[in-house]
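Not measured: the values here are computed from a predicted model.
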Amino acid sequence: MSPQKKFSVRSMLGPFRRMSKKSLTYRLISRMAKSPVLSTISLAAILFFIYADSLMSNLPVHNANIKTGEVFPSTQTQTTPVVEGEGQVATSLNSLPVAAATTIQERKIEETENEDPLIPPFKASVDERMEWFRRKLPELEILKSNELSERFHGRVLELFNNKCSAQFFMVWLSTAQSFGPREFLAVDSLFSTAPDGCLLILSSSMDSPKGYRILKPLIDRGFNVLAVTPDLPFLVKNTPAEPWLDDLKSGNMDPGSIPLFNHLSDLIRLAVLYKYGGVYLDTDFIFLKDLSGLRNAIGAQSINQQTKKWTRLNGAVMIFDIHHPVLVEFLREYATTFNGNRWGHNGPYLVSRVLERLRENSEYNITVFPPKAFYPVDWIKIAKLFKKPETEADLKWADDTLADISNDSYVVHLWNKRSRELKIEEGSVMARMIAEHCNICENIYDP
């Protein structure tokens, strides 16, 4: 065996002889050959950089969007499936946690979803408001059909193909973040009275990972609830409201000083009932009895105490067969008398105007329920239901009120504009009523 050659830095110069002596590399190695100490240090440095370069070349490359903060995995990145409700653990250094990326994306959505393009400038003139609306039109996804909303009809049919005892609808055009415990209680109590019913929530914000997490406790218990992004052009197609929507989208209509989502909610509830038939309800009700047996009905909010005839109706609860002719009249009234500056004009006042004209027309076969059925407590008095009884007299009033409502009412309207910030106190009529008509019964005392 030949003796091992002694390693010498000078022997490294061979490959570099052909390089120009003006080369920095050549001059550096020449100095190394003349100084043993410098040779050792320099050699260690060269080996370190060679090793570091090799290590870095094997790491995955992530493209970062500096403006948005999003991170996009390279083609080498491997991930494990995300299981809803469980944290994800990366299986290797080359794994990018999908949950983390999703959280970043959802956080950005939550930060921007309060920037509502449907709220007009405060105290703007008609011309200023229309100019603002024309600028905002490209942002108003709710007015257009897109890849997600075009799946609306198929998703609705899929939900309603579950042997539903009744088809329920709610509309939520606010943010998913604002769908709080009070709204969840409404959905929860619905399934306490109609466990085999199917609830469709028309909402782009709730048709999201955050919305799914909100509804997941009910889904996990087998209840048929689904949030779906609505397709407004599809809903109004071949109805009297179709030309109205086209006019709005052209930018030639004043949307009004009241936020547009209020008016669109009024329209969507009418259109979805016409297309599919069923039960529409606002998201601020507590359900006490099953509504499945009712047909072609609406509720009076107030009556004349002498004549006992209704004086005002409310569209917060509407129950109609598919393609019912009165829904065509509602949609026609909406399109021909739209006023975006008067609260309620396109909602409760609309159904009152139409049914006042049709009051004596028996062809429409509509039942108008008295206030006790859906609105047993006036919005002025609703706060008392949230209060804990302090005296014997208070307790007797609470017992009597709870008995009357339980006997005479299908649902209780909470009038969220008045009661949203009210705390449900323990022992109150509201607390007792909810406790008897909920499945999950969580966060009862949270506003």
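Residues Phe338 and Tyr334 bring their aromatic ring centres within 6.0 Å. Proximity of the aromatic rings of His323 and Tyr274 is defined here by a centroid distance below 6.0 angstrom, and this criterion is met. Taking the six-membered ring for Trp and the full ring otherwise, Phe179 and Phe184 have centroids separated by 6.0 Å or more. Aromatic ring centres of Phe287 and His437 lie farther apart than the 6.0 Å criterion allows. Close placement of the Phe160 and Phe169 rings is indicated, their centers lying within 6.0 Å of each other.
Within the model, atoms CG of Asn341 and CG of Asn339 stand 5.0 Å from one another, a figure rounded to the nearest 0.5 Å. Atoms CG and CG, on Leu185 and Asp284 in that order, are 12.0 Å from each other to the nearest 0.5 Å. Taken to the nearest 0.5 Å, the CG atom of Leu226 stands 8.0 Å off from the CD atom of Glu158. For the atom pair CZ of Phe285 and NE2 of His413, the computed distance is 4.5 Å after rounding to the nearest 0.5 Å.
Aromatic ring orientation, Phe320 versus Phe330: perpendicular (interplanar angle above 60°, classes split at 30° and 60°). Aromatic ring orientation, Tyr276 versus Phe234: tilted (interplanar angle from 30° to 60°). Using cut-offs of 30° and 60° for the angle between ring planes, the Tyr349 and Trp343 rings count as perpendicular.
Proximity of a side-chain donor or acceptor of Asn296 to a complementary backbone N or O of Thr367 within less than 3.5 Å is not detected. Judged by distance alone, with hydrogens and angles left aside, the side-chain atoms of Thr283 form no donor-acceptor pair with the main-chain N or O of Glu183 at under 3.5 Å. The main-chain N or O of Ser149 is never found under 3.5 Å from a side-chain atom of Thr229 such that the two would form a donor-acceptor pair. Side-chain atoms of Ser428 do not come within 3.5 Å of backbone N or O of Ile424 as any donor-acceptor pair. With Asp394 contributing its side chain and Pro389 its backbone, the two residues share no donor-acceptor pair below 3.5 Å. A donor-acceptor distance shorter than 3.5 angstrom exists from the side chain of His345 to the backbone of Thr337, with no hydrogens or angles considered. For Ser352 (side chain) and Leu313 (main-chain N/O), a donor-acceptor pair under 3.5 Å exists by modelled atom type. For the pair His263 (side chain) and Gly340 (backbone), a donor-acceptor distance under 3.5 Å is present.
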Inset, instruction - Report the C-alpha distance between Lys123 and Glu128 in whole Å, list the side-chain angles of each, state the deciding distance to 0.1 Å, and finish with yes or no for salt bridge (charged side-chain N to carboxylate O under 4.0 Å, His left out). - result: CA-CA 9 Å; Lys123 290 187 177 180; Glu128 291 171 338; over 6 Å; no
Inset, instruction - Quick one: do Asp207 and Arg155 satisfy salt bridge (charged side-chain N to carboxylate O under 4.0 Å, His left out)? Show the steps, please. - result: CA-CA 12 Å; Asp207 187 9; Arg155 296 173 73 188; 2.8 Å; yes
Legend entry - Lys388 vs Glu426, salt bridge (charged side-chain N to carboxylate O under 4.0 Å, His left out): CA-CA, chis, key distance, verdict: CA-CA 6 Å; Lys388 177 182 178 179; Glu426 293 188 43; over 6 Å; no
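More than 12 heavy atoms of other residues, nucleotides or ligands lie within 6.0 Å of NZ in Lys308, so this atom counts as buried by the packing criterion. The 12-atom threshold is exceeded at NZ of Lys144, counting heavy atoms of other residues, nucleotides or ligands nearer than 6.0 Å. Within a 6.0 Å radius of NZ in Lys289, other residues, nucleotides and ligands contribute more than 12 heavy atoms.
The pair Lys163-Asp196 does not meet the salt-bridge criterion, since no charged nitrogen lies less than 4.0 angstrom from a carboxylate oxygen. With respect to the salt-bridge test (charged N to carboxylate O, under 4.0 angstrom), the residues Asp399 and Arg432 qualify. Salt-bridge check for Glu131 with Lys136: failed, with every basic side-chain N at 4.0 Å or more from each acidic carboxylate O.
With sequence neighbours excluded, the residues satisfying salt bridge (Lys or Arg N to Asp or Glu O under 4.0 Å) with Arg359 are Glu356.
Taking every heavy atom of both residues into account, Leu137 and Lys249 meet most closely at CD1-O, 3.4 Å.
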